J.: 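Sharing a structure, written as structure tokens. Questions coming.
Since this is a predicted model, take the numbers as computed values, not measurements. Both counts, for ligands and for their atoms, begin at 1 and track the order of listing. All heavy atoms count here, side chains included; hydrogens, waters and symmetry mates do not. Each residue takes its place number in the sequence, starting with 1.
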Amino acid sequence: MPYNRREFISFLGKAGLGALTIPPFLISCGNTATPTSDKKLSDEQLKKLKDLVFEGLSPSNQDDLLLAKGLDYQMVIKWGDKISDKDTFGFNPDFTCFIPLDERNPKDGLLWVNHEYANPFFVADFNNHANPPEKRTKEQVDKEIYNVGGSIVRIKEEHGVWKVVNNDPHNRRITGHTPIPLNWDAPIEGKSEIIGTNSNCSGGITPWNTFLTCEENYQDVFGDTLYDENNAATRTPSIWGWEQFYDYPPEHYGWVVEVNPKDGKAQKHIALGRFAHECCTLYELEDKRVVAYSGDDKKDEHLYKFISSKPGSLKEGTLYVADTINGKWLALDWENEPVLKNKFKDQTEVLVRAREAAKLLGATPLNRPEDIEIDPITGNIFVTLTNNKPKGDYHGSILKVEETEGKFDALTFKASTYLAGGKKNGFSCPDNLAFDLSGNLWMTSDMSGDAMNRKGKPYMPFKNNSLFVIPRYGKDAGKVIRMASAPRDAELTGPWFSPDGKTLFLSVQHPGEQTTDKNNPTSKWPFDKDGIPKPAVVAITGDLIEKLNNLNQIEV
Ligand code: FEO
Ligand code: CA
Ligand code: CA
Ligand code: CA
């Protein structure tokens with residue numbers, strides 16, 4: 001049952017309203033996730049938290065990035081901007097992650113940005129709406145491949161303005177053409193180093209301060225390999241047809257990729273399984289082993305967690321999948337699971353075909369698990385389930401997972417619906433989540449462009465995709481309050497707080513995506529002279545964010 005407001009407040013009360021726990025490794029990087037120590041708020045701080053007012057926006061279909069009172073934004077970087085003499089910022093930003101170069105200075109650091117996919121209409125001048133369909137060239141596909149992956153850019157805040165340090169030696173692109181080694185002993189489809197990363201949706205950060213970028217809808221660019229009941233394989237075609245020019249195996253994609261901010265070196269973590277990874281959220285145990293949560297954003301797919309057997313390893317350990325009905329984590333362990341041994345030839349094949357292995361074990365199908373965050377106060381794990389239209393779930397929900405005794409390496413848990421999407425709660429299709437330093441939960445929505453603002457569709461009342469906050473304290477605790485409204489066709493993605501909590505980085509992905517005529521785009525945001533919509537990353541600051549931050553002058 002979803003929580004109502006009263007229950008939400010009492011649920012918060014369980015941990016004691018005066019206790020604020022902040023994870024040491026994440027506070028240094030600006031995001032909260034891992035509860036490791038209790039810090040009491042003073043009565044005065046608590047009163048300020050309770051008195052804080054969030055004045056929300058009404059739903060809007062205006063073609064602009066609208067912000068609630070107390071918030072301002074500035075453009076940090078947009079598609080096509082030069083980051084160095086040889087590279088430009090890629091298309092469709094999603095996950096963002098900021099790591100300061102020096103922990104003592106939260107205003108100077110490296111920003112990682114995922115580039116999820118490249119709309120060929122804008123990036124390669126390929127009209128995918130043409131009738132009869134046009135054929136695309138290798139040159140066009142190369143442009144698309146360059147515009148996906150990720151960017152590392154050094155950014156600095158001076159006099160309240162965030163700026164990219166152009167040509168900083170750290171600035172670089174990882175693209176669909178970058179060679180990347182596999183962190184695994186066995187080759188995959190004959191290779192131990194593969195070409196490129198793509199479909200980079202959300203991600204995460206490691207306790208050792210590296211970026212994690214997650215390969216989600218890889219099947220859209222190189223297709224997939226499907227197996228029938230006799231275990232016979234068929235290669236399916238992709239939507240974007242890159243395989244017509246580059247015959248890369250689909251098995252080389254669908255992984256969690258780790259990127260070192262300092263030198264850009266990347267590796268793919270096979271032990272975390274292959275599926276449409278939305279994100280990867282890490283928790284570091286006391287003995288330095290890590291637990292990694294990740295959802296498979298596809299209808300009726302699953303929620304996974306990896307528990308390492310060695311400190312700081314994303315290779316040695318066991319991958320589990322959730323049976324949310326019985327509250328059990330089921331091991332994808334070829335050696336000890338006869339049902340897996342009968343079907344697959346070894347553990348590598350189990351990881352490559354994780355979805356099939358999960359189903360054989362009895363994993364629970366979920367309604368598109370997307371982002372995952374760990375509540376910094378209670379340690380509960382929140383998972384957005386965006387929707388499952390064929391099952392009649394149009395608006396999605398947020399799932400709450402409570403590990404047994406609060407132990408992240410537990411093999412049992414309790415799952416319940418924390419908040420359901422829909423008219424009553426004022427949001428639909430939850431996607432990204434982020435906790436601020438006061439423990440308020442921020443959330444973005446992802447209604448698809450072809451359904452938003454369409455008469456007769458269930459998404460009409462919600463208008464444009466938005467950013468919401470669910471306050472933790474005060475009279476509005478547990479309410480869903482709209483804090484930003486996206487430009488037309490866009491989705492707001494990748495919310496990430498700077499280490500001092502004073503900036504919220506946010507991506508504006510795919511404005512004007514439904515455009516079929518460049519002379520008449522459905523969005524013109526950010527209103528450049530050329531009139532072409534451009535996906536971008538913005539920095540949200542302002543009085544409200546300052547107030548949230550000032551409430552947290554506590555020692556950690
Ligand atoms: Fe790329 Fe699941 O959103
Ligand atoms: Ca997403
Ligand atoms: Ca997140
Ligand atoms: Ca999504």
J.: So, of the N/O/S atoms that D297 has, which is the nearest one to atom 2 (Fe) of ligand 1?
T.: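 Restricting D297 to its N, O and S atoms, the minimum distance to atom 2 (Fe) of ligand 1 goes to OD2.
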J.: In D371, the N, O or S atom nearest to the Ca ion (ligand 3) is which?
T.: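 Sorting the N, O and S atoms of D371 by distance to the Ca ion (ligand 3) puts OD2 first.
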J.: For atom 2 (Fe) of ligand 1, find the closest N/O/S atom belonging to E278 and write down its atom name.
T.: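 In E278, the heteroatom (N, O or S) nearest atom 2 (Fe) of ligand 1 is OE1.
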J.: Under 3.0 Å from the Ca ion (ligand 2), is there any N, O or S atom belonging to D431?
T.: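 It does; at least one qualifying atom falls short of 3.0 Å.
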J.: Identify, by name, the N, O or S atom of E278 lying closest to the Ca ion (ligand 2).
T.: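 When I compare the N, O and S atoms of E278, OE2 is nearest to the Ca ion (ligand 2).
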J.: Which atom, counting only N, O or S, brings E216 closest to atom 2 (Fe) of ligand 1?
T.: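 Per the distance ranking, E216 contributes OE2 as its closest N/O/S atom to atom 2 (Fe) of ligand 1.
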J.: Quick one: report the N, O or S atom of E370 that is nearest to atom 2 (Fe) of ligand 1.
T.: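 In E370, the heteroatom (N, O or S) nearest atom 2 (Fe) of ligand 1 is OE1.
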J.: Decide if atom NZ of K414 counts as having more than 12 heavy atoms of other residues, nucleotides or ligands within a radius under 6.0 Å.
T.: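 No - once you tally the heavy atoms of other residues, nucleotides and ligands closer than 6.0 Å, there are 12 at most.
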J.: Please give the atom name: the N, O or S atom of E373 nearest to the Ca ion (ligand 3).
T.: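 Checking each N, O and S atom of E373, the shortest distance to the Ca ion (ligand 3) belongs to OE2.
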J.: Is any side-chain N of the basic residue among R472 and D375 closer than 4.0 Å to the acidic one's carboxylate O?
T.: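 Salt bridge present between R472 and D375.
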J.: Between F408 and Y283, what is the ring plane arrangement, given parallel below 30°, perpendicular above 60°, and tilted in between?
T.: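 The rings of F408 and Y283 lie parallel, inter-plane angle below 30°.
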J.: Report the C-alpha separation of D450 and Q514 in whole Å, then their side-chain angles, then the decisive distance to 0.1 Å, and conclude whether the side chain to side chain donor-acceptor pair (under 3.5 Å) test is met.
T.: CA-CA 7 Å; D450 58 3; Q514 300 295 310; 5.6 Å; no
J.: Is it true that H395 and F462 have ring centroids separated by less than 6.0 Å?
T.: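 Distance test on ring centres: under 6.0 Å, yes.
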J.: Within the 3.5 Å criterion, strictly below it, is a donor on N200 or N114 matched to an acceptor on the partner's side chain?
T.: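 No pair is found: no donor N or O on one side chain lies under 3.5 Å from an acceptor on the other.
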J.: Out of T515, D63, D64, which one pairs with S523 under the side-chain hydrogen bond (donor to acceptor under 3.5 Å, both in side chains) rule?
T.: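 Of T515, D63, D64, side-chain hydrogen bond (donor to acceptor under 3.5 Å, both in side chains) with S523 is met by D63 alone.
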J.: Confirm or rule out an N/O/S atom of L433, from backbone or side chain, lying less than 3.0 Å from the Ca ion (ligand 3).
T.: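 Within the cut-off used here (under 3.0 Å), L433 does place an N, O or S atom near the Ca ion (ligand 3).
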